[in-house]
K.L.:
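One structure, as structure tokens, below. Some questions next.
Only a predicted model underlies this, so the values are computations on that prediction, with no experimental measurement involved.
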Amino acid sequence: MRSLTPLGVQISSLEQFGSSSKAGNIAINPEDGTVYLTTERSAEEGGIEIDILQISPDNLEPEIIASFTTPVLAPFDKPDYLGESLDLHYLPDDRSIVILLAGGDIATLSLEGSDGGVSPVEVVGSIDSGIKAAAWAPDDEQLVLVTGEDNLVCMTRHFDVIHEEPLRSDDFGEDKFINVGWGSKTTQFHGSLGKAAAKAPINTSQSISHPTDTGLPEITFRGDASYFAISSLDPYPNETEKGRRQIRVYSRDPNSGFIPKLSSTSENLPGLEGSLSWRPSGNLIASLVRYGYEGGGEGREGKWDIAMLERNGLRHGGFELRENPHTWKNGRVRGMKWNSDSEVLGIWIEREANDVVQLWSMKNYHYYLKQELFSHDSSSTRFRGFKWHPEHPLSLYLFGENFVQKRTFVWDTFTARLPMPHDTASVAVVDGQKLLITPFRTQNTPPPMSSYHLALPSVPVHVNLSDITDSLSVLFADGLVQVWDLNTRLPDPSSGSRLRGGGKVAEPKIRYSKTLTGEKRVVKQLAIGPEGKVAILSWAEKNGVAECRIEIVDEKEDTEVIELEDDVERLLWTGEGGLLVLNTEGQLTSVAREQPVDVTLGPHPTALSYSASSELIFALSPNAKLHLACLSPSSPASTAIASNVTSYTLTPDFLIYTTTSQTSHYAPLPTLKRLAHGEDLLPDEMIWDERRVERGSLIVTACESSMSLVLQMPRGNLETVYPRALVLAVVKQDVLSGQYRNAFLQCRKHRLDLNILYDLEPSKFMNSLKEFVEQVPEVDYLNLFISALNSSDSARVLYGEHSQDPSSSSSKPVDKVNSLCDSLRTILEQRGVEQYVETILTTHVCKQPADYESGLRVLLRLQEDHPEIVEDAIKYIIFLSDVNKLYDVALGMYNFQLVLMIAQYSQKDPKEYLPFLRELRALEKWEQRFRIDDHLARRESALRNLKQSGPEHFEEASSYLSRYELYDEAFKLYSDDMEHLQVIHDLYGDYLYDRRDFTDAAISYVLAKNEEKALKAYEKAHAWRELFVLSKRLGIGKGKTVDMCGRVTDHLASRGRHLEASQIFIEHAQDVDSAIDVLCRGTEFSEAYRLASLHSRSDLIESMIHPGLEEAHEVLMEIFEEMEGQLDKEVSRIKELRKIRENDPESFYIVDTEPAIEGVDVATNATTAVTGFTRYTVAPTTVFSQTTKMTGQTAKSKRGKKRATGRRGTVDEYEYLVASIGRLLIRVDEKSGEATTLIRHLILATSDHVELGRSLQDTITNFRDKLDKSIEFAWEGRDDILKEVVESGGTALEDGLEKSLNLIKPVVGVWKGVGMLLG
């Protein structure tokens, strides 16, 4: 679906070298595009003088760089258009040019001689018999010649002959076919012709070359240089005046020194002519077959075929040249060449009045004629040859006697980008004098077919479809411009996206045509703008000076001419009617001065587009980068938004492009406009919708009205997809405009979440429910919509932050599904229950949770009012629901008739439900309901029904509520029945006691008048105050009270509640000794002194309090000794780690110096402790199993990582020790506070105790000083260590580096102890 658009035209004139000089041949430097040209003129002494010219891309004026004279002319006949310069070839490695002359001379020209300039031409050899044909291998390593004696000669690039043999041979070649008798004509099926066709004689007529055949051989190489083919005219042995063309294929085996060997010979092709070109990709050889003369192809007079041959010499397809019989009779095909990427075949045809080079391309096994190239000068209409650029596939060089043309093309898709709803998505394809048009909105016609075509007077140069109206413009090489109105028929919105009722797809009519005048001009492009204006870009020569020119024509007679200073490649119209041009430097400027535009897009873009809706310019660079620029306001430079882009297109809302990763992307234009303005976008705004496409797919067009994207596969076939982004855009537009039916049908067709109809604008949809039902009255559609409802916000899922209009303030109700179901049901009931009974049932069943009971009540109503539809309604609700749940709900309604209806229509086995129903019918009402509720596990309802059955069932009720823990419901039911309520409280107390909720259990026992159980529960709850209150009330004896005190105080003391324990001993057991003892154990010495004084027990001070002081002193001393030992170990280890850092920094920072071996697991099964550092702390060591294993690749990798970052001798261990010393300070401060209180009591005791206090205070003071110094030592140089962790690139501190950087150095505070001991 692509056509060739002319991009650049460069013409160099040779007239300054005189009329006697004629161009001979050309060569192209692939590095910089410099053209080297030979011109020939007759020498005065005989022979020929040859000048070698250079034409650089920057200076189109030819410059003579060398000349030489040769006396030898071709010793054989050749046509006039072939000069003596048989071949001109540029060797990039040597920076030299090789000239092969038909007379036999082989000359070289070094462009970088010993003096740095161009060396003189040197004739390195000569072939006496002349050279009829020559060709270089694509790798420039071998030269193949056919001499005047018809010998095949192979030379190296240094002109050493490596092989010579006669050109003609009767042998077929090494790849001769093996005939086993299959496929002969007598064994083939001949259809309606019958058996007589098998016996008909085979045409054995003699093949004779056409009189216009030059008789010269042609040589062509395959792209990989492993094969070459030669077309030669072989005379018949007995009739030397007659001959036929044969094509021989030779192989170049590198194992034999690239000596050619005959591989195959072409089959007998009557009418075969000399033109030959091997497709670089290697699958086909293009040749020419002429029909309709004696000895030529049979029949089809006046026809030429481009015949494609395989390497084995057999014909494989081809196409017919579209030349008139006059050209066939008097003209000839002078040559053909494939371009470097095998996409385009150039065919040079000699017509009676002029020469033309046709460009053909193949897709879907059809060959399209894309361009016809003529001379720019009407006085010099003949070519002398043409060549493709070796590396740029769409750059072509044509040369005549006095000129050289360079034509550059790009692949372009001629498509219409009309706004909705008038977008036709029409695509035009050039195929000779036919313009194939397909409107993809209404038809998807596969190429090479089309919906319709326009008959044109000649092959168009360029086509442009309007973005404003349904029209197109066509430009022809003779300056003719045509504007057509297509009048494409669009579908009726109510009938869907396709045309209905037959009729023409379009009725195209020509609006007007104009012809541009001028002798020397080459038209390149045109663009159709507003009001039918057409701008034509052309190269023209005025007063001997070449210029770019834009001519604007319309239906009026006037023509506006704009002469441009720069060489312009592209032009396009803006939405406001402005004209933009792009020069060869990639600068986009406006023609009108009142609307200045100056944007840099980059040189030679392969595609350029303008979006009128967003005023954005898009350009695709030759290196596959997609650039973006804004025109309002104009941005000075473009922004690259994607790379590896293969194709793109625009819709009013989206930029769609494909990449080499086989993905299509859909970028919203509003977001791109903000990007072009330089705004900062959120990361999620740069994440656009994607869709995978087939490898090599290219975009043809996109139609937003039909939500389709048309892609063309590499072979040429089409594929239409419906991208999610386009569908969502149209659905959103329909929903917001109230066209719910269109939106619903699109969602249904493309399987979108139907919740979008509501979620986009909830309040509007709720207010428009009646219109929704009127637009979508079908019951099945309404059922589908209701059954798809869910509580999630599908608009936010599908559209993200752009789900709602910013001006909309609508909010979603909390219960979306249920509110929609209720509202819809109200509307449907008004329209008729009998008509919408299925939808009404759906609204009940689809509620969250499903309201089966209400749905069944609808069935009961229907049974009374419309019994004829009850059966279908029951079947529908059974289909919609879980039949077992439905049966249970009907049973729970205590309606046996409804239960039987559900059971019967659901095809349940009667053995499953009939015995149970008979059993229920035999019971009384409340007992029956109790059995039903119990069967349905409705425990509360079952208990209520059991209560209704009478007090005689209380025992069963108490057992039931105890079994299912229905105490809350029982308290409500029996709140007025005190006798039964006490029993329930007693059961509830047992329930709580078993759950170890002893406090509430005791309260329940008290309410149940069961004090013994309450006493036990209070004791279990350790609620000693309530316990002793209740025991006092019950009059418990002293012995039991004392025992109770012992049990309670033991528990309190174990929990650190020593004050409460002493209170119990004093108040309830009158035991002062035990009270003071428990206080001393809790270091509550102040309270111990108070009780001893209060109860006049000074003897207890010596016997209990002083020993308690000594014991507390001993405990604290042991704690500080233990902490000092831990500190010494950690400081010593830090010193060792610093030595490791100096001696082995790679190990210290865990730098992996060995390459990782993928897929090799060297982990052992033995596991170590979580960390190797706990041996420096006093925490108890955890023992780990040596047999524990971690399986799975993930577990192994994690285990290896843990081992790497947590092993000893690393910076990880250093950080652990630093943090451990900091934690030690917290514990020291805590114990120092406890020691202060203890020291005060020691001072008030005896002199011995004073010494104990002084020793404790000195120990603490010394240890805190030591700790302060240790912290300073540990933190010394820590910042450098952390900096080296980052710089080393090791795996140390992978998970805790940030935590280490944020760690604050601890400070040891001032602790003075008790001041009176300082002396």
Side-chain angles (χ1 to χ4, degrees), residues 419-421 493-494 496-497 613 651-654 668-671 689 704-707 722 724-832 836 839-840 842-844 846-848:
M420 292 177 62
S494 62
S497 61
S613 61
T651 70
D653 295 321
F654 290 95
L669 292 183
T671 302
D689 282 352
E704 196 159 13
S705 290
S706 61
M707 300 160 288
Y722 295 88
R724 169 189 170 108
L726 298 185
V727 175
L728 290 177
V730 174
V731 168
K732 182 177 181 180
Q733 181 178 345
D734 288 341
V735 170
L736 297 181
S737 62
Q739 299 179 12
Y740 295 112
R741 182 173 185 83
N742 289 343
F744 175 86
L745 292 176
Q746 296 302 337
C747 289
R748 177 174 174 266
K749 176 181 179 181
H750 299 289
R751 298 190 175 185
L752 285 181
D753 190 352
L754 292 173
N755 285 269
I756 200 67
L757 303 178
Y758 169 88
D759 289 333
L760 275 173
E761 200 163 356
S763 60
K764 181 180 178 181
F765 185 79
M766 292 297 292
N767 296 331
S768 307
L769 268 180
K770 285 189 178 180
E771 289 80 1
F772 172 72
V773 176
E774 290 172 357
Q775 293 183 30
V776 189
E778 293 88 349
V779 173
D780 290 342
Y781 286 177
L782 291 173
N783 292 344
L784 179 63
F785 171 70
I786 296 169
S787 60
L789 293 175
N790 56 58
S791 58
S792 63
D793 187 353
S794 61
R796 187 167 296 276
V797 173
L798 296 176
Y799 295 97
E801 296 298 328
H802 307 286
S803 59
Q804 289 190 11
D805 190 346
S807 60
S808 174
S809 58
S810 59
S811 59
K812 297 176 174 58
V814 176
D815 200 356
K816 161 189 164 183
V817 178
N818 292 350
S819 62
L820 261 177
C821 288
D822 294 339
S823 301
L824 270 174
R825 184 170 57 253
T826 303
I827 295 172
L828 296 176
E829 287 175 349
Q830 294 173 358
R831 295 174 68 93
Y836 290 102
T839 309
I840 292 172
T842 306
T843 60
H844 286 298
C846 290
K847 291 180 73 172
Q848 295 178 350

K.L.:
Do the side chain of Glu704 and the main chain of Thr651 share a donor and acceptor less than 3.5 angstrom apart?
P.N.:
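No, the answer is negative, given that no donor and acceptor are paired below the 3.5 Å cut-off.
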K.L.:
Looking only at non-hydrogen atoms, find the nearest pair between Pro670 and Asp653 and report the distance.
P.N.:
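Nearest heavy atoms, Pro670 then Asp653: CD-O, 4.1 Å.
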K.L.:
Side-chain contact, heavy-atom cut-off 4.5 Å: Ile786 with Cys821?
P.N.:
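With C-beta onward as the side chain, the pair touches.
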K.L.:
How far apart are the closest heavy atoms of Ser823 and Met766, and which atoms are they?
P.N.:
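So the minimum-distance heavy-atom pair works out to OG-CE, 3.5 Å.
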K.L.:
Sequence neighbours excluded, which residues qualify as ring pair (Phe, Tyr, Trp, His ring centres under 6.0 Å) partners of Phe744?
P.N.:
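Listed in chain order: Tyr781.
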K.L.:
Would you mind reporting whether Lys764 and Asn767 have side-chain heavy atoms less than 4.5 Å apart?
P.N.:
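Result no, sub-4.5 Å side-chain heavy-atom pair not found.
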K.L.:
For Gly738, is there any backbone N or O sitting under 3.5 Å from a side-chain donor or acceptor partner on Gln775?
P.N.:
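It does hold such a pair.
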K.L.:
Test Arg831 against Val773 for side chain to side chain contact (heavy atoms under 4.5 Å, CB included), laying out the working first.
P.N.:
CA-CA 10 Å; Arg831 295 174 68 93; Val773 176; 3.8 Å; yes
K.L.:
Which heavy-atom pair separates Ser787 from Cys846 by the least distance, and what is that distance?
P.N.:
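Taking Ser787 first and Cys846 second, the nearest heavy atoms are CA-SG, 3.6 Å.
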K.L.:
Are Ile827 and Phe772 close enough, and set up right, to give a side chain to side chain contact (heavy atoms under 4.5 Å, CB included), and what steps lead you there?
P.N.:
CA-CA 11 Å; Ile827 295 172; Phe772 172 72; over 6 Å; no
K.L.:
Do you know the tightest heavy-atom contact between Pro777 and Tyr836?
P.N.:
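Nearest pair, atom of Pro777 first, then Tyr836: O-OH, 3.4 Å.
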K.L.:
Kindly state each residue pair satisfying salt bridge (charged side-chain N to carboxylate O under 4.0 Å, His left out) with at least one member in residues 776-785, sequence neighbours excluded.
P.N.:
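Matches after skipping sequence neighbours: Arg741-Glu778.
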K.L.:
Does the side chain of Leu782 reach to within under 4.5 Å of the side chain of Thr842, using non-hydrogen atoms?
P.N.:
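The answer is no, as the side chains (C-beta and beyond) never meet within the 4.5 Å cut-off.
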K.L.:
Answer yes or no: is there a donor N or O on one side and an acceptor on the other, between the side chain of Asn818 and the main chain of Gln848, under 3.5 Å?
P.N.:
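The answer is yes, because a donor-acceptor pair under 3.5 Å joins these two groups.
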K.L.:
So does Pro652 get a backbone contact from the side chain of Ser613, meaning a donor-acceptor N/O pair under 3.5 Å?
P.N.:
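Yes.
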K.L.:
Between Asp822 and Arg825, what is the shortest heavy-atom contact and its length?
P.N.:
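Smallest heavy-atom distance, with atoms named: OD1-NH2, 2.5 Å.
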K.L.:
Relative to each other, are the rings of His750 and Tyr722 parallel, tilted or perpendicular (30° and 60° limits)?
P.N.:
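Correct class here is tilted.
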K.L.:
Between Asp759 and Lys816, does any NZ, NE, NH1 or NH2 come within less than 4.0 Å of an OD or OE carboxylate oxygen?
P.N.:
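Yes, charged N to carboxylate O under 4.0 Å.
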K.L.:
Run the side chain to side chain contact (heavy atoms under 4.5 Å, CB included) check on Leu784 and Arg748 step by step: do they pass?
P.N.:
CA-CA 9 Å; Leu784 179 63; Arg748 177 174 174 266; 3.9 Å; yes
K.L.:
Which heavy atom of Ala788 sits nearest to which heavy atom of Asn755, and what is that distance?
P.N.:
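So the minimum-distance heavy-atom pair works out to O-ND2, 2.6 Å.
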K.L.:
Sequence neighbours excluded, which residues qualify as side chain to side chain contact (heavy atoms under 4.5 Å, CB included) partners of Ser792?
P.N.:
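Ser792 satisfies side chain to side chain contact (heavy atoms under 4.5 Å, CB included) with Asn790 once adjacent residues are dropped.
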K.L.:
Using 30° and 60° as the class boundaries, would you call the ring planes of Phe765 and Phe785 parallel, tilted or perpendicular?
P.N.:
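Phe765 and Phe785: tilted rings.
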K.L.:
Is there a side chain to side chain contact (heavy atoms under 4.5 Å, CB included) between Leu820 and Leu769? Walk through the geometry before answering.
P.N.:
CA-CA 9 Å; Leu820 261 177; Leu769 268 180; 4.2 Å; yes
